[in-house]
K.L.:
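I'd like to ask some things about the structure below.
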Amino acid sequence: MNLFADIRALVVASLDQLAAEGVLPAGLSLDAVVVEPPRDPAHGDMATNAAMVLARPAGRPPREIAQALAGRLLADPRIALAEVAGPGFLNLRLAPAVWQGVVHAILTDPGFGRSTIGAGQRVNVEFVSANPTGPMHVGHARGAVFGDALASLLAHAGWDVTREYYVNDGGAQVDVLARSAYERYREACGEAPQIAEGLYPGDYLIEVGEALKAEYGDSLLGKGEDTWLAPIREFATARMMAMIRDDLASLGVKMDVYSSEKALYGSGRIEAALDRLRALGLVYEGVLEPPKGKTPEDWEPREQTLFRSTAHGDDVDRPVKKSDGSWTYFAPDIAYHWDKIARGFDQLIDIFGADHGGYVKRMKAAVAALSEGRVPLDIKLIQLVKLMKNGQPFKMSKRAGNFVTLREVVEQAGADVTRFVMLTRRNDMALEFDFDKVLEQTRDNPVFYVQYAHARVMSVLRRAAEAGIAADDATLAGADLARLSHDAELGLARRLAAWPREVEIAARGNEPHRIAFYLNDLASEFHALWNRGHDETGLRFVQEGDQATSQAKIALARATGVVISSALAILGVTPANEMR
RNA sequence: GGCCCCGUAGCUCAACUGGACAGAGCAGCCGCCUUCUAAGCGGCCGGUUGCAGGUUCGAAUCCUGCCGGGGUCGCCA
């Protein structure tokens, strides 16, 4: 059930009638007609721009069209008031029964808030994709939470979603990992480790060294890289991936698929992808111009293998091979995306750190070329997380290997709080994460505020039980909701009615933060009603001695709880039953 | 210098993807409150949406050019 879609359908049907009666010309496109909540509640419950967008093609003044439409709409019992306003808006006021019906729908329809706009299309959400060279840090946590919530959101809106992690285990950095682990292995064997400049100094490799000793004894001591590099690389990356999976699990993130970059090497798939592009005339040998403006010191013209990304909107063509003949990072990534296309996804989403912004155009160009424009790729960039403690920047020094890990954040703040806070900002805005503030129990902590609203709903149900009022869902579904007549109550119901629409807007834009903002608004509306009960006892949810009215009001509270819980589920946050 | 992102109330951020008078929360000011659930409630003040043009019925949103912040710029991933 989506009330806005229902009313839009009514508007469209009415316009069709007007066309049939000759009031409007036949065959007008109604695509641009929208029904949405006005910014200003004084303008009514819903507004449509129909008259304005049709004025020009119909050759009639907008207000005249609006007037005719109003007459039609008023014939429907759901429409209580239809007023022409401003340049030709038609403002609608809906009958209380409509809002009461929303409460009933929430209590009886488990699919309330779900949508079918995804139409079962298969979408692949690739996120985190951190190098398997160490534990994940806060930045990764934000990407993980965002990707996971986006995936849930899309699933909620009718997409068939795959969560995927691209393991960057093929480049030079995993060799560095192997060398670093080897030193820790030597250390475990009683030798003095030499963590040279450029190796990973973090303590997390100590246990890997010990595990290596347990596995290999001292058989690798004193041997050259050619004997130990490959096996230790395997060993260490496997350990790192196990650690990363644990980290993700601590945040409640579970991937459907892990894809290995390394597996692409030697499989012929990189070559195949590039051959495909070459056949399209998009791979060639050529010389790049130096970057405009700032030319690097050591720049020298050099012929190399290039992808013609400029054919699909990039600014320059991009190399796929390094000067030593090995692939650039881009080459296997092209093959990887081709693989995703080949697996039949209708739509791809990549979630990158903001420092990869320069990579976006070439990746989109590659996907456009390989899918011949059939598979859209949306790339969401995740901005930095600024860690704070008591309003002071929380310093981290990655170089020293003692950066703040995802694990530490989750241990201090908890998974629910971490997730919620990281979703209260748009992905392309920097996020401040203050360890103290996120745990505060005050109004300006959105996590607390929303959880408190849910806890109050549960409290109402407990109180009803104490008062001997039946308040199970079946009973509430049969409550006499016509008793919900106060504007404060109907206002809350209006907010609940907006939920399905909010899901669709958020899903269409790949913007899970909208869910967090909606939750804040809904909680605010609920708290406001609760607080009015202080002075106006008639607005309290439990009305001593009046079971029927109590049940209607409790149904409203319960419906609010259901929607909060459903929205929190998309964000991957557990609703609180009581505050401690 | 090229490209990408950001710039909105004193602060932190929204704005339904082009809709009406740009909204919340903090902070500030003025009242109220000692509780159906306690960590408060109501109201007021606060704006040239960085600047200047353009597109149109209508612009924070789209286009052009500037200003400021961040990121990035063949052989890192």
Side-chain angles (χ1 to χ4, degrees), chain A residues 4 32 34 36-40 42-43 47 49 52-53 55-56 62 85-89 91 129-131 133 168 170-174 261 287-296 298-302 304 306 314-326 328-330 332-333 353-361 381 383-384 424-426 428-430 432 440-446 448-449 452 455-456 458-460 462-463 466-467 498 501-502 504-506 508-509 511 513-514 517-518 520-521 524 527-528 530-535 537 539-544 578-579:
Chain A
F4 290 86
V34 297
E36 52 188 17
R39 280 179 207 248
D40 185 346
H43 290 143
N49 64 349
M52 285 184 295
V53 300
R56 191 195 298 257
F89 284 101
N91 292 333
S129 296
N131 297 333
T133 55
N168 294 149
Q173 80 286 347
V174 285
E261 175 194 359
V287 181
L288 278 183
E289 297 283 316
K292 286 203 164 71
K294 182 191 138 206
T295 304
D298 58 347
W299 180 271
E300 53 184 70
R302 179 180 291 148
Q304 50 193 344
L306 299 168
D314 203 356
D315 308 300
V316 292
D317 293 338
R318 305 292 178 174
V320 294
K321 268 187 182 177
K322 301 178 192 172
S323 54
D324 66 359
S326 65
T328 61
Y329 177 77
F330 189 32
D333 213 2
D355 55 339
H356 287 54
Y359 197 68
V360 169
K361 283 187 182 180
L381 297 178
Q383 268 292 351
L384 295 177
T424 53
R425 203 109 309 173
R426 247 168 49 199
D428 49 4
M429 299 286 281
E432 200 171 278
E440 269 177 17
Q441 301 213 330
T442 64
R443 167 70 186 91
D444 48 335
N445 179 356
F448 166 76
Y449 194 62
Y452 191 21
R456 277 181 158 171
M458 302 312 282
S459 165
V460 167
R462 288 191 293 266
R463 187 162 292 271
E466 287 165 15
R501 186 169 175 275
E502 209 67 44
E504 293 186 357
I505 293 166
R508 243 192 286 273
E511 297 173 328
H513 76 272
R514 287 178 183 277
F517 280 99
Y518 172 79
N520 200 56
D521 290 345
S524 173
H527 284 309
W530 179 286
N531 290 326
R532 286 187 69 163
H534 273 298
D535 303 327
T537 53
L539 285 178
R540 297 184 181 187
F541 292 102
V542 177
Q543 298 288 315
E544 301 288 343
E578 54 188 333
M579 305 311 287

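Chain A is the first sequence line, chain B the second, and so forth, proteins listed ahead of strands; every chain is numbered from 1.
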K.L.:
For A:Tyr518, check side chain to side chain donor-acceptor pair (under 3.5 Å) against everything at least two apart and list the hits.
P.N.:
none
K.L.:
Sticking with atom P, work out how far B:C3 lies from B:A22, rounded to a whole angstrom.
P.N.:
34 Å
K.L.:
Just the rounded figure in Å: distance from P of B:U56 to CZ of A:Arg56.
P.N.:
9 Å
K.L.:
In whole angstrom, give the distance that lies between atom CH2 of A:Trp530 and atom P of B:C36.
P.N.:
10 Å
K.L.:
Any sub-3.5 Å donor-acceptor pair from A:Asn49's side-chain atoms to A:Val34's backbone N or O?
P.N.:
yes
K.L.:
Could you state the atom-to-atom distance from CD of A:Glu502 to P of B:C16 in whole Å?
P.N.:
10 Å
K.L.:
C1' atom, B:C41 versus B:C33: distance in rounded Å?
P.N.:
7 Å
K.L.:
Taking B:G28 as the reference, what is the distance to B:G46 when you measure between their C1' atoms (whole Å, please)?
P.N.:
9 Å
K.L.:
Contact class for A:Gln304 vs. all strands (heavy atom < 4.0 Å): base, sugar-phosphate, or nothing?
P.N.:
base
K.L.:
Counting only distance, no hydrogens or angles, is the base of B:A14 paired donor-acceptor with the side chain of A:His513 under 3.5 Å?
P.N.:
no
K.L.:
I need the NZ-P distance between A:Lys361 and B:C4, as an integer number of Å.
P.N.:
4 Å
K.L.:
For RNA chain B, whose closest nucleotide is more 5', that of A:Glu578 or that of A:His527?
P.N.:
A:Glu578
K.L.:
Answer with base, sugar-phosphate or nothing: what part of the nucleic acid does A:Ala55 contact at a heavy-atom distance below 4.0 Å?
P.N.:
nothing
K.L.:
Whether A:Arg514 contacts B:A15 is assessed here as follows: a side-chain N or O lying under 4.0 Å from the phosphate OP1 or OP2. Is that the case?
P.N.:
yes
K.L.:
Tell me the interatomic distance from A:Asp355, atom CG, to B:C73, atom C1', rounded to whole angstroms.
P.N.:
13 Å
K.L.:
When only distance counts, do a donor and an acceptor, one from the side chain of A:Arg302 and one from the base of B:C75, lie under 3.5 Å apart?
P.N.:
yes
K.L.:
Report yes or no: is the cationic atom of A:Arg501 (NZ for Lys, CZ for Arg) closer than 6.0 Å to the six-membered ring centre of A:Phe4, at no more than 45° off its axis?
P.N.:
yes
K.L.:
Strictly below 4.0 Å, N to O, side chains only: are A:Glu466 and A:Arg462 in salt-bridge contact?
P.N.:
no
K.L.:
Reckon A:Met429 touches a base, only the sugar-phosphate, or nothing at all at heavy-atom distances under 4.0 Å?
P.N.:
sugar-phosphate
K.L.:
What's the gap between B:A60 and B:G47 when it is taken at their C1' atoms, as a whole Å value?
P.N.:
12 Å
K.L.:
Return whichever of A:Met458 or A:Asn131 has its heavy-atom-nearest nucleotide of RNA chain B closer to the 5' end.
P.N.:
A:Met458
K.L.:
Rounding to an integer number of Å, can you tell me how far A:Arg425 CZ sits from B:U8 C1'?
P.N.:
14 Å
K.L.:
Classify A:Ala172 by what it touches in the nucleic acid, base, sugar-phosphate, or nothing, heavy-atom distance under 4.0 Å.
P.N.:
sugar-phosphate
K.L.:
Using the C1' atom in both, what is the distance from B:U17 to B:U61, to the nearest Å?
P.N.:
8 Å
K.L.:
For the residue pair A:Tyr329 and A:Tyr359, does the interplanar ring angle fall in the parallel (under 30°), tilted (30 to 60°) or perpendicular (over 60°) class?
P.N.:
tilted
K.L.:
Do A:Glu502 side-chain atoms and A:Phe517 backbone N/O form a donor-acceptor pair below 3.5 Å?
P.N.:
no
K.L.:
Report yes if some heavy atom in the side chain of A:Lys321 is under 4.5 Å from a heavy atom in the side chain of A:Gln304; otherwise report no.
P.N.:
no
K.L.:
In dot-bracket form, how is RNA chain B paired, counting a Watson-Crick or G-U wobble pair only if both its distances are under 3.5 Å and using | for bases paired to another strand?
P.N.:
(((((((..((((.....[...)))).(((((.......))))).....(((((..]....))))))))))))....
K.L.:
Between the base of B:A24 and the side chain of A:Asn520, is there a donor and acceptor pair under 3.5 angstrom?
P.N.:
no
K.L.:
Ignoring backbone atoms, test whether A:Lys322 places a side-chain nitrogen or oxygen under 4.0 Å from the OP1 or OP2 oxygen of B:A77.
P.N.:
yes
K.L.:
Please step through side chain to side chain donor-acceptor pair (under 3.5 Å) for the pair A:Arg456 and A:His527, ending with a clear verdict.
P.N.:
CA-CA 9 Å; A:Arg456 277 181 158 171; A:His527 284 309; 3.0 Å; yes
K.L.:
Determine whether a donor-acceptor pair (one donor, one acceptor, N or O, separation below 3.5 Å) exists between the side chain of A:Tyr452 and the base of B:A39.
P.N.:
yes
K.L.:
Determine the interatomic distance between C1' on B:G68 and the same-named atom on B:A24; round to the nearest Å.
P.N.:
27 Å
K.L.:
Considering only the C1' atoms, how many Å lie between B:A15 and B:U55, rounded to the nearest integer?
P.N.:
22 Å
K.L.:
Whole Å only: how far is the CZ atom of A:Arg426 from the C1' atom of B:A15?
P.N.:
10 Å
K.L.:
Taking 4.0 angstrom as the limit, do A:Asp324 and A:Lys322 come out as a salt bridge?
P.N.:
no
K.L.:
Whole Å only: how far is the CH2 atom of A:Trp299 from the P atom of B:C73?
P.N.:
13 Å
K.L.:
When the P atoms of B:C26 and B:C67 are considered, how many whole Å apart are they?
P.N.:
39 Å
